[in-house]
Structure formats: C-alpha cells, structure tokens
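Heads up: the structure comes next, in structure tokens.
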Amino acid sequence: MKPLVLFAHGKESGPWGSKIKHLAAIAERRGAKVLSPDYADFTDPDARVRHLLQMPLIPHDGLILVGSSMGGYVSTVASETLKPEALFLMAPAFYLPGYANQTPRSGARQTCIVTGWRDEVIPVDHSIRFAQAQKTTLHILDGDHRLNEVLADLGQLFDQFLGKVLAAKALEAASESTLVT
C-alpha cells in the first residue's frame, strides 16, 4: 500500500493550481497516491476543516497533509485529529481574525513550514511564531505569498521532506517486522 499525500489549497486558488501540480508530481515520483479536494464551496476556514475531517480517504499507508495559506490552517487543525505522518505547510494562514483556532498545533510526527520573506498576505512572523512554538523546521525563501517565483526551491524542499518522512516510515515498518518474526 502507498502513502497518501492530501493537498489543501488556499482561499483563492484551486485544487490543481500550478504549485499543487508541481508538488503532486514529486509525490507521485516518490510512490505516493495524491488527493487534492476542491474547497471552493467553503469560504470559512473552519468549514473546510470539518469537510476534510468528514471526507472518506482512499486506503493508504501513512497520511501526509500538505496545505497552502488557508489550506495550511485547514491541514494543521485537521492534523490534530487525523494524526498524520507529516505536515508540509506553505505560507500557512495562522493567527488571523475570524479563524476559530488561534493556537493551532501540529498533530503530525514531522512538520515543515515554507514561507516567503515578501509575503504580503500572511506576515512571515506568523510562521516564525508557529515554528518556534512547535519546535519545527522552517524555511524562509525570497518569495511572496504564492511562492511561485521560488517553485523550484519549494519543490526541492518538498522532495527532501518526503524523502525523510518515507525513510522514517520504512525504517519503522522494518523495525516492526523484525519484532514480529
């Protein structure tokens, strides 16, 4: 069985924008199944969280949540319930007025954030604050909110993160199989 990489797009983007297409291709090369639901009918971030939590997921061996902007908030809040292997966040929409969870916590084993120094939508300080509180990996690139101009760097960071997550999962599986035999 393969791992499942589940994408959550941002407020004003769609499930198969250029960033998600780029990262989905990387995930598929790494042997993962990919799912990118459309949240366009939900303008409220917490309604998106509820939608994700109610969504039936295809069978998988390890869940990796990936979220961009509002999708980063959605993936993080949902991770507290879903307990995925990993959480990869791009310019996550944390600490914003109107979002119910003002102290989001990662429920994932591994978390990585990538944001841009020139983000005009979500202040970079929000990602720094979350990374510091969660003691998690943070990459700050010379990009804006969409991170499109640093897409190659973003893809490289995602590929490295997936490699690390999948290697840890394989090591865990190998360790469990030696305990059983």
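We use all heavy atoms of the structure for the numbers below, so side chains are in, but hydrogens, waters and symmetry mates are not.
Judged by distance alone, the side chain of His60 and the main-chain N or O of Ile58 form a donor-acceptor pair under 3.5 Å. A donor-acceptor pair under 3.5 Å is formed between the side chain of Ser79 and the backbone N or O of Gly107. A donor-acceptor contact shorter than 3.5 Å is absent between the side chain of Ser13 and the backbone of His9. Counting only distance, with no hydrogens or angles, the side chain of Arg118 and the backbone of His145 share no donor-acceptor pair below 3.5 Å.
Qualifying salt bridge (Lys or Arg N to Asp or Glu O under 4.0 Å) partners for Arg109, counting only residues two or more places apart in sequence or in other chains: Glu85, Glu172. Take Pro45 and apply the side-chain contact (heavy atoms from CB on, under 4.5 Å) test, not counting sequence neighbours, and it matches Met70, Tyr73, Tyr99. Under the side-chain contact (heavy atoms from CB on, under 4.5 Å) criterion, Arg129 pairs with Tyr95, sequence neighbours left out. For His51, the ring-ring contact (aromatic ring centres under 6.0 Å, His included) criterion is met by Tyr39, Phe42, not counting sequence neighbours. Listed by chain and residue number, nothing satisfies the salt bridge (Lys or Arg N to Asp or Glu O under 4.0 Å) test with Asp153 (two or more places apart in sequence, or in another chain).
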Under 3.5 Å, which donor-acceptor pairs link side chains of residues 130-139 to any protein atom two or more places apart or in another chain?
{"from": "Gln134", "atom 1": "OE1", "to": "Ser106", "atom 2": "N", "distance (Å)": "3.0"}
{"from": "Lys135", "atom 1": "NZ", "to": "Gln132", "atom 2": "O", "distance (Å)": "3.4"}
{"from": "Thr136", "atom 1": "OG1", "to": "Thr111", "atom 2": "O", "distance (Å)": "2.4"}

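Using a cutoff of 4.0 Å between basic side-chain nitrogens and carboxylate oxygens, Lys169 and Asp61 are scored as salt-bridged.
Residues Ser69 and Lys11 bring no donor and acceptor atom of their side chains to less than 3.5 Å of each other.
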